[in-house]
Amino acid sequence: MKRREFIILTSIGATGATLSACGNPENKLIPALIPDEEYVPGLDYWKSTSCEMCQAGCGLLVRTREHKANKIEGNPQHPVNRGSLCARGQAAVQSLYNPDRIEGPLRRAGERGSGRFENISWEEAFEELTAKLGEIKSRKESVGFLTGDASGVTGLAAEILASSLDNGRLIDAHGLNDLWIRAGYENAYHQPIIPSFDIANARYLISFGARFLETWRSPVSDSLAFGEFRGAAIRGKFVQVEPRMSLTAANADEWLPAAVGTESMIALALAQVIVREGLSKIPIQQNAFSLDDYAPEKTESATGIGAEKIIRIAREFASSQPALAIGSGTSVIEQQADAEAGLKRIEAIHLLNKIAGNEEKPGGVLLPLPGIDPFAKWRGKGRWLPLTGKSISGLSALLIHQSNPVFAIPHTADAIKSVPLIVSFSSFPDETSQIADLVLPDHTWFEGWNIKAAPSVKSGAVVNLTQPVVSPQLNTKQTADALLAVARSMGISPPFENAEEMTQQAASEIAKVAGATDAEEFRASFTERGFWTGKPGRIKGGSTPKSSSSEVIDEVASLAKQGHASEFPFILLTYEHPSLGFGNQANLPALQELPDPMTGVIWGSWVEINPQTANKLGVADGDLVEVETPHGSLKAPAVVYAAIRPEVIAMPFGQGHASMGRYAENRGANPATINPVAAALQSDTAAVRAKITKLSEQAAHIRFGTTLPERPHIER
Amino acid sequence: MDRARDEQINRDLLRSVRETGWGWRIVVAISGMGLMAGVAAFAYQWQEGIGVWGLNRPVMWAFDITNFVFWIGISHAGTLISAILRVTGAGWRRPVTRCAEAITVFALMIGALFPIIHLGRPWVFYWLVPYPNERGLWPNFRSPLIWDFFAINAYLMGSLIYLYLPLIPDLALLRDTSRGLRKRIYSVLSAGWRGTALQWDRLEKAVRVMAVIIIPVAVSVHTIVSWDFAMAIQPMWHSTIFGPYFVAGAIFSGIAALIIAMAALRRVFHLENYLKPVHFNNLGLLLLTMSLIWFYFTFSEYLTTWYGNEPMEKAVFQSKISGPYSPLFFAMVACCFLIPAPMLAIKKLRTITGTVIASACVVVGMWIERFLIIVPTLSHPRLTFNWGSYKPTWVEIAIMTGSFSYFVLLYAVFVKMFPIVSVWEFKEGLASQTQPGPATDKKVFRAASGD
Amino acid sequence: MMNETEKTQKPQWAMAIDLDRCTGCEACVVACRIENNIAVVGPEESARDRSMNWIRIERYMEGEFPDVRVRFRPVLCQHCQEAPCEPVCPVYATYHTEEGLNAQVYNRCVGTRYCANNCPYSVRFFNFFDPQWPAPLEKSLNPEVSIRTRGVMEKCTFCIQRIRKGEEKARDEDRAVRDGDVIPACVGSCPTKAMYFGNIADSNSEVARLARSNRAERLMEDLGTEPRVIYLRKRDQA
Amino acid sequence: MHTKAGAFDKVNEATMAMNRLRMEGFTPKDITMMSSEPLPLDEDDEKSRSLIWLFSILGGILGGVGATLLTTLASKQMNLVTGGMPIVAPWAFGIIVFEMSALGAILAALGRMVYEARLLRRGVGAEYGSVVAQGKIVVAVDCADETRAQNAERVFASCGAEMI
């Protein structure tokens with residue numbers, strides 16, 4: 001970034017003597033525009049931006065020197081992460097400097113899927129794209145825009161470009177997951193909100209499958225809260241209910257390995273005990289559940305958790321103040337193909353909060369106003385659809401950005417491959433870009449602009465600014481800029497020149513909400529700090545209509561395949577990898593070599609099997625097994641894992657890339673191929689029936705550390 | 001003096017120097033190739049990094065240090081044994097000493113290479129040497145590795161001198177019976193030896209002094225090698241028994257190596273009249289003694305660990321007794337005790353073949369012992385999360401092969417250059433036997449001939 | 001011998017880790033890798049147990065289903081005051097600084113690996129090969145931390161580069177170092193704020209306070225290594 | 001002055017020759033006896049006393065002192081604390097002192113032996129002919145004048161020597 005260089009002095013120290021000698025107060029971000037001639041080599045220049053490795057929206061300070069970013073720290077002033085940062089965020093510099101980035105625009109040279117491309121110029125790329133879109137428009141055919149950045153600049157640019165076409169279809173890569181979560185809370189709280197939970201101040205916490213220390217919603221923010229929860233004068237007690245012990249459950253004081261899909265039964269059993277013993281603080285009106293059916297004595301055989309334990313925990317929950325129950329947004333066993341039942345479960349979990357009477361109280365459930373949409377002023381031009389089989393059917397062109405559906409949701413791959421024109425904006429040679437006709441590589445978020453609302457925190461709404469910390473490293477272009485350029489050549493005049501202008505204008509709108517008198521000053525401070533936080537307000541303008549939860553229910557029903565227990569005796573859980581996520585981070589070497597905290601596995605996939613089960617199947621730790629579900633099968637090495645129910649096997653997402661650069665390719669297996677519901681919902685708890693067979697082949701199985709009395713993989 | 005017999009002795013004992021047989025050539029060719037393989041493997045390691053070995057975290061030492069300890073152990077064959085025999089005046093030692101002392105020198109030379117080979121950056125090995133330099137940098141004299149440096153140097157220097165001194169009269173003999181380039185070389189090496197009564201007297205005195213000094217040095221060398229481990233606080237390393245345990249093990253493996261070398265020399269150079277069954281019998285008895293001592297030490301070592309039941313020690317113990325290292329452990333016990341001890345104890349089996357078989361077992365067993373001292377401890381660090389295992393690569397095996405080949409090659413070349421049985425000492429032994437009268441007066445050359 | 005008065009004037013760096021807060025999330029592990037240019041060795045080398053983590057989360061799983069307990073413990077160089085690794089080094093490549101740090105001099109290291117063998121905490125990592133940074137990944141390297149070549153040992157330095165900057169800053173401001181001047185990468189990243197770093201010689205510092213806690217323990221105290229990393233036991237055990 | 005030498009087959013012949021030579025007035029210094037193996041002769045009281053033992057003790061002391069100085073001074077120069085040990089660590093340095101003492105003793109003994117045995121000197125040893133290598137015993141005697149030379153020759157002849 002040559003035009004703007006920000007030096008930011010921060011409380012995290014380590015900024016160099018000359019800067020601290022300026023006499024500026026600490027804990028304040030001091031902006032300074034450093035023209036090239038004033039740039040001092042050997043000094044650290046700290047720049048603020050926002051993390052886009054997940055949806056949590058942590059604030060970052062990036063340390064740069066000689067125009068190179070070399071370290072990311074959490075922004076100490078940012079209300080979400082308060083200076084802390086997770087493993088993914090720490091590793092993000094390796095995406096900027098990834099050796100396998102796509103260096104410039106490409107046009108397919110061989111057969112589709114052959115992986116042969118030729119280099120073209122951006123002018124050629126735009127010309128070709130404009131011409132093809134023009135043709136499609138003239139034929140009145142549909143063009144799809146699939147993006148993982150629907151709420152950011154790309155989404156708005158896509159809306160603008162879509163408005164220039166007659167049949168533009170906007171598809172949100174996170175749409176299903178988003179809808180699913182929203183629908184759950186809407187069921188529970190009868191309001192279109194996503195509540196936040198005051199874990200820090202709770203004294204009793206029951207989590208139903210929410211891996212809030214790893215992947216759920218906002219891991220850093222929740223970890224900070226958990227630290228306070230643990231560090232408080234009266235130490236909080238934490239109970240985790242889930243069939244397979246995750247890192248989060250490992251940190252619980254008590255782990256209740258309830259059978260898959262029975263979390264809600266546990267919740268209702270707890271509620272039943274509290275109500276029947278008259279421990280509830282507030283009167284419980286009759287609700288959708290007939291609680292007596294869920295008495296712990298009646299449900300213990302189904303859940304696998306003894307009644308005495310439930311009664312004890314119920315009493316503890318009722319007697320601890322404040323007590324809080326949180327739950328994963330999804331909980332569904334696919335065999336039942338009953339997404340509605342899953343939604344009902346969220347309601348059951350939150351019944352406990354109602355019984356505890358903790359709404360809008362410290363240590364309880366906070367129901368914030370809906371967050372700010374920075375682009376509200378320019379909305380209303382399109383409706384975002386979730387990524388489903390339906391939403392990608394019948395397209396003549398599909399523009400794909402920040403999404404890798406061929407890998408992440410493999411059941412959409414055939415539909416995508418049948419689209420005549422595929423344009424990928426991927427920065428990396430992922431599976432989807434490999435079948436594209438045109439590849440127009442995006443900047444990484446270290447090089448581009450964006451503005452987004454982060455999930456609200458206790459103190460209020462948060463709007464994050466992502467801004468360039470280094471100049472573009474390769475011949476890439478920010479996708480929003482590219483879409484606007486195409487829109488202009490399609491004959492419309494967008495209200496913005498580029499993404500930078502979009503963020504600046506959006507910032508001016510936020511200034512109004514914030515009540516800033518001087519918009520210019522607000523923008524300057526916003527740019528320095530990289531975020532704004534305050535009381536949420538509504539920006540005048542439209543809003544993007546959201547789809548209804550019925551789309552989720554329909555999609556799950558269409559994807560689910562019945563499998564019979566006699567043929568598929570096990571239940572497979574597929575979960576988000578703590579660091580590799582759903583596979584988007586698989587090309588970062590630091591994360592590939594980061595041991596999974598529970599199993600120690602690095603550089604590969606694994607299947608967790610209970611020792612009893614493994615014994616029955618004759619499977620030893622490290623043996624290669626085949627996991628088969630009604631949807632297909634895959635091979636992965638077994639990890640004999642004590643902390644999982646005997647009828648359950650578990651496997652993380654994240655690996656199994658056929659293409660995505662040297663670090664990700666041909667490593668492990670992708671469970672999305674055998675559990676499409678979980679893949680589509682991006683859910684940890686969508687289970688599927690499965691069977692396991694031991695194979696005689698050797699598995700590539702690498703682990704860091706062991707706790708076993710003798711290393712099982714001595715023979716390598 | 002019997003001229004004919006004298007000449008016969010000269011002919012027999014100098015045959016190895018004078019004649020070059022096919023057996024010798026084949027041995028040199030094979031060992032030369034083995035050495036080349038080892039050198040090539042080391043060059044590869046130098047070029048690529050020590051990662052071409054099978055080492056890992058936590059097993060940072062394995063074959064390298066095993067070989068180091070093994071060779072230093074073998075080196076205790078010669079000087080120590082010959083010094084003890086000399087000091088105690090064991091007459092049967094005469095045909096044996098040089099053969100043993102040569103083993104010491106070559107085994108030490110090879111052993112001393114391993115600390116260099118095993119370095120991550122072998123090209124800066126000289127940083128371990130205390131030499132004055134402009135940066136004022138010195139090695140850390142508190143490190144057992146520096147003790148090793150001093151001990152091995154002292155022992156190597158002492159052993160070389162101890163090998164050389166009794167060689168001088170034989171060098172003079174070679175000088176006087178050869179011509180051309182060889183004569184010139186032997187002239188230089190024999191340092192003007194004339195065989196005057198004064199020279200004989202001083203030689204005897206000097207050898208006696210050496211013999212007395214070299215014994216504590218030899219003991220200290222293997223003690224210090226054992227301290228490389230005993231100074232560390234790792235389970236089953238931090239043991240006070242290690243010093244004597246290692247010294248006993250060293251003498252044990254040293255005698256075994258000596259018996260094998262003697263048998264080979266006897267066969268190749270037809271020294272049947274010089275290296276007689278009685279030598280093998282005596283050395284076999286010594287080997288039996290050492291085998292018993294070895295068993296005693298090993299038992300003490302394992303018993304205290306087992307009885308103490310300290311968890312970290314016990315983990316290492318278990319891995320050896322019943323864990324992945326147990327096949328090696330029981331192979332070691334068989335090779336060091338169960339097989340050789342009965343063989344050597346039964347007089348009928350204590351033949352040349354018998355002692356050689358027992359010795360071969362002992363050499364293998366003692367190599368395994370060193371491996372089992374190093375690797376199981378390292379693979380079971382205190383924090384069990386870091387337990388590991390080890391598997392050698394071809395590079396380590398090639399370097400080890402190279403070291404064995406180098407030893408054979410050095411020995412073969414030595415035999416080609418110098419009489420492997422001390423000519424004058426042998427004659428002296430005969431003389432003291434045939435002329436008992438005056439010989440009894442002499443202190444050093446007290447006669448007790450081997451025959 | 002070290003001048004005693006001089007010694008007391010120097011800050012004595014120490015770390016405290018609250019095991020009750022630590023969740024084992026491993027943010028510190030990556031933070032350390034990026035800050036200290038720790039090489040990623042790749043799958044083949046990792047399979048040979050050569051991956052490097054100056055700080056690692058040790059996981060101990062006990063019991064059988066359903067009564068499984070898991071304990072996490074971040075383990076890094078304990079900066080022992082009586083460090084077993086130091087005297088065994090033949091070339092002084094590892095020694096003790098006046099600030100109580102266990103220093104590792106990469107340039108001087110010849111690679112005997114003796115220090116690693118004598119470290120009871122297994123926190124020393126050896127460069128079996130030269131590290132690889134496929135272009136342009138080398139641009140992400142921290143210019144303040146040297147890249148280690150093959151054949152040398154490396155380990156946690158308590159982020160010595162940050163310590164130097166913090167001390168420099170305090171000196172510029174003509175004051176003693178205080179809490180917050182030095183924040184090692186792992187401490188800074190910790191999402192539960194389970195790690196504390198500071199001058200244990202200053203009895204008012206947070207680490208000194210925590211070191212006096214009744215939950216304070218040090219790893220393998222019985223070995224007499226006197227570690228500078230203080231662990232605070234989980235409160236359910238206290 | 002020239003040297004006369006006689007070669008003997010038997011030890012007692014050579015001894016006899018030497019005794020007779022002495023009776024002829026030759027000093028032990030004039031007479032040199034050379035053999036290919038040490039001869040079981042009586043202790044020669046005229047032989048100078050050997051100082052090899054003394055020298056080796058002195059060498060040992062020298063080596064020990066040198067090692068003490070080396071370890072102490074070098075460690076003080078480095079002045080680095082390792083493992084909480086003192087800079088000058090007698091327990092550890094003692095090992096080096098021991099090794100260096102032994103080495104000093106060995107080297108001093110070697111040096112003294114070389115000196116006393118008159119090894120490594122040019123121009124001596126010409127008399128040592130191939131006859132010695134063949135196992136004969138050579139007695140050489142330095143003769144100041146012709147008369148003495150004749151005396152020596154006579155003695156040799158009488159004892160059955162082969163003249164060289």
Side-chain angles (χ1 to χ4, degrees), chain B residues 1 3 6-7 10 130 136-143 146-147 150-151 153-154 157-158 161-162 165 168-169 172-173 176-177 191-206 209-210 213-214 216-217 220 224 227 423-425 427-428 431-432 435 437-439 441-442 445, chain D residues 9-11 32-44 47 50 52-53 56 60 67 70-71 74-75 77-78 80 82-83 85 89 92-93 95-96 98-100 102-103 105-107 109-110 112-114 116-122 124-125 127-130 132-135 137-138:
Chain B
M1 203 177 285
R3 284 283 295 277
D6 214 51
E7 273 165 24
N10 281 6
L137 292 173
W138 293 96
N140 181 5
F141 296 107
R142 283 161 283 191
S143 169
I146 295 297
W147 306 346
F150 280 94
N153 270 335
M157 201 80 92
I161 293 167
Y162 190 69
L165 285 182
I168 295 175
L173 177 67
D176 297 326
T177 55
W193 178 265
R194 293 191 296 155
T196 66
L198 180 76
Q199 285 178 330
W200 285 116
D201 177 70
R202 295 303 189 262
L203 179 67
E204 286 160 18
K205 286 203 165 76
V209 171
M210 298 291 169
I213 302 172
I214 208 89
V217 171
S220 79
I224 289 171
W227 287 346
V423 180
W424 68 269
E425 284 187 271
K427 288 179 188 167
E428 182 200 41
S432 61
Q435 292 167 326
D441 299 339
K442 306 296 283 185
F445 300 130
Chain D
D9 276 335
K10 295 209 166 68
V11 183
T32 313
M33 189 169 104
M34 288 167 277
S35 55
S36 65
E37 58 193 271
L39 294 179
L41 298 176
D42 290 330
E43 202 69 58
D44 229 336
K47 264 180 203 158
S50 168
I52 292 177
W53 268 114
S56 101
L70 172 72
T71 50
S75 297
Q77 188 180 347
M78 292 300 281
L80 291 176
T82 62
M85 289 181 186
F93 294 177
I95 294 157
I96 292 167
F98 168 79
E99 296 297 339
M100 290 290 281
L103 186 59
I106 289 171
L107 291 177
L110 175 71
R112 184 64 191 172
M113 178 261 170
V114 167
E116 286 186 5
R118 302 182 196 182
L119 290 173
L120 290 175
R121 295 191 195 184
R122 284 182 182 279
V124 289
E127 309 90 334
Y128 187 94
S130 52
V132 178
Q134 283 157 17
I137 298 157
V138 172

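Convention: sequence-line order gives letters A, B, ...; per-chain numbering from 1.
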Please state whether the side chain, the backbone, both or neither of [X] comes within less than 4.5 Å of a heavy atom of chain B.
{"X": "D:Ala89", "answer": "side chain"}
{"X": "D:Leu70", "answer": "both"}
{"X": "D:Thr82", "answer": "both"}
{"X": "D:Gln77", "answer": "side chain"}

Option in D:Ile106, D:Val114, D:Leu103 with maximal non-hydrogen atom pairs under 4.5 Å from chain B: D:Ile106

Residues forming a side-chain hydrogen bond (donor to acceptor under 3.5 Å, both in side chains) with B:Gln199, sequence neighbours excluded: none

Within the structure provided, determine whether [X] and [Y] are in side-chain contact (heavy-atom separation under 4.5 Å).
{"X": "B:Leu198", "Y": "D:Thr32", "answer": "no"}
{"X": "B:Ile224", "Y": "D:Phe98", "answer": "no"}
{"X": "B:Trp424", "Y": "D:Pro38", "answer": "yes"}

Smallest separation among heavy atoms of D:Ser36 and B:Trp200, with atom names: C-CZ2, 3.6 Å

Most chain D-contacting option - heavy-atom pairs closer than 4.5 Å, from B:Pro139, B:Gly158, B:Gly136: B:Gly136

Those residues that, when tested against B:Arg142, pass salt bridge (Lys or Arg N to Asp or Glu O under 4.0 Å) (two or more places apart): none

